[in-house]
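This chain uses plain numbering: 1 for the first residue, then up along the sequence. First listed ligand is number 1; within each ligand, the first listed atom is number 1. All heavy atoms count here, side chains included; hydrogens, waters and symmetry mates do not.
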Amino acid sequence: MANVWSGLIEEYRNRLPLEPGDPVVTLFEGNTPLVRASRLEERVALASEAVGVDASGTRIYVKFEGANPTGSFKDRGMTMAMTKVKAAGTQMVACASTGNTSASAAAYAVAAGVECAVVLPAGKIALGKLAQAVMHGARLVAVDGNFDDCLRITRELTEKYPVALVNSINPYRLQGQKTAAFEICDALGDAPDIHVLPVGNAGNISAYWMGYNEYFGHKVASSIEDSAMRLKPQSTKVPRMWGIQAEGAAPFVAGKPVENPETVATAIRIGNPASWDYAVAARDDSQGLITAVSDAAIMEAQAILAAEVGVFCEPASAASVAGLLALAAEGKVPAGAKIVCTLTGNGLKDTATAMENRGNIAPQVIAPELSAAVTALGL
Ligand SMILES: *Cc1c(COP(=O)(O)O)cnc(C)c1O
């Protein structure tokens, strides 16, 4: 009989803080593709060679989180958060969102049978993500401000009303998200040497660091339970965490919050990250780094991933690969390293941005004849 994936809560139940009666809310998230990217290996080797560094023999994989039910890694956190909301009997959830959190919250609220309120920065949400929140029946409010304003309002709202907060400051979100690190170790047989991912509100880098440490048998500050620590270690090491921000929204690079964050990568357009301390610990304790890349480099990486790897991710996701290529050009990638880049979300959510710099993309119109098609294709 075929192995059927039953959602990440059932798959990793012994490593998650669940009570026996908790009603699992799932859309069968997780189990996303880990794709070897040999063309990226070539690019990294060449960029390194250009600065006199040997980066031969690397193995580079992309973890495509855009294959989750609502098209981003947010579903990993939402299955846990919504399970706990349901267990508590709360009737409504709320989130601030740059788009993907609201898409995920809205869908999982449907699965849980609760109401969902979404607080968005006006005019800054990709249409695909907005469509998801609308189609899943969320109540939307657009704020004349940025994500950080939205999060502040949502926090106050959920403190004063019987509404559960499902942003990543909800500790169950990170618990669910840490399972991506488990899947990577399970697939590779051990932890990679380097893990590269985009950093916005910094929940995900904190969650991966927690997951890698738990598989290694260590506890980190953001862990909220002990049971998993009694399990046998599943990896022999933890990776260096390389976090990538957009230049116009790089508070970790500045060392302080950024007032007016701006970037084409709207999912990481965040100036005051909620998980600041956990992310700094992930960077420092892993002997890793957090750096920034330009919007142009992000768009180029998105195009490379689509054309050379076969994965269409959104701009924020491509920041990880843009960062890896930039760090290779600085000679930072060691030979023989096993590297995983998280591609956090699906390119189909924001086709407008992807197509912006493509010039005239309308295909040539031909007569309905084979010969015309042959001529047009240059065969
Ligand atoms: C949420 C999100 C991010 C940023 O993750 P954080 O946990 O906020 O750092 C990056 N990319 C995509 C596609 C996202 O949806």
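- The nearest protein atom to atom 5 (O) of ligand 1, hydrogens excluded, is given as F73 CZ, 3.4 Å; this is a heavy-atom distance.
- Salt bridge absent: E183 and K178 never bring a charged side-chain N and a carboxylate O closer than 4.0 Å.
- The nearest heavy-atom contact from the protein to atom 8 (O) of ligand 1 is N201 N, 2.8 Å.
- At least one heavy atom of A202 sits closer than 4.0 Å to an atom of ligand 1.
- For the pair S72 and ligand 1, the shortest N or O to N or O distance does not fall below 3.5 Å.
- Looking only at protein heavy atoms, the nearest one to atom 14 (C) of ligand 1 is K74 NZ, 2.8 Å.
- No more than 12 heavy atoms of other residues, nucleotides or ligands shown are found within 6.0 angstrom of NZ on K256.
- Contacts between I205 and ligand 1 below 4.0 angstrom, taking non-hydrogen atoms only, are absent altogether.
- Below 3.5 Å of separation, one finds an N or O of G203 facing an N or O of ligand 1.
- When only interatomic distances are considered, the shortest N/O to N/O separation between A267 and ligand 1 does not fall below 3.5 Å.
- K86 has no carboxylate O lying under 4.0 Å from a charged side-chain N of D22, or vice versa, which leaves the two without a salt bridge.
- Considering backbone and side-chain atoms together, T344 places an N or O closer than 3.5 Å to an N or O of ligand 1.
- W5 and Y12 have perpendicular rings, their planes meeting at more than 60° on a 0 to 90° scale where under 30° would count as parallel.
- If you number the atoms of ligand 1 from 1 as listed, the ones under 4.0 Å from a heavy atom of G345 come out as 13 (C).
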Apply salt bridge (charged side-chain N to carboxylate O under 4.0 Å, His left out) to E262 and R269, showing your working.
CA-CA 6 Å; E262 204 44 76; R269 186 175 171 272; 3.3 Å; yes
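- For the side chain to side chain contact (heavy atoms under 4.5 Å, CB included) criterion with R39, the lone passing option out of E41, E42, R36 is E42.
- Close approach to V199 involves these atoms of ligand 1, each under 4.0 Å from a residue heavy atom: 9 (O).
- Of all the atoms in ligand 1, the ones that sit under 4.0 Å from a non-hydrogen atom of A316 are 11 (N).
- Against a heavy-atom cut-off of under 4.0 Å, E314 is close to the following atoms of ligand 1: 13 (C).
- The nearest heavy-atom contact from the protein to atom 7 (O) of ligand 1 is N204 N, 2.8 Å.
- Between E29 and K74 no salt bridge is recorded (no basic side-chain N to carboxylate O distance below 4.0 Å).
- Looking only at atom types and distance, the side chain of E11 has a donor-acceptor partner in the side chain of S6 under 3.5 Å away.
- Some N or O of N100 is nearer than 3.5 Å to an N or O of ligand 1, by distance alone.
- Checked for salt-bridge contact, E115 and R139 meet the test: a charged N lies under 4.0 Å from a carboxylate O.
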Starting from the C-alpha separation in whole Å, work towards a yes-or-no answer on side-chain hydrogen bond (donor to acceptor under 3.5 Å, both in side chains) for Q177 and N204.
CA-CA 7 Å; Q177 286 172 216; N204 215 26; 3.1 Å; yes
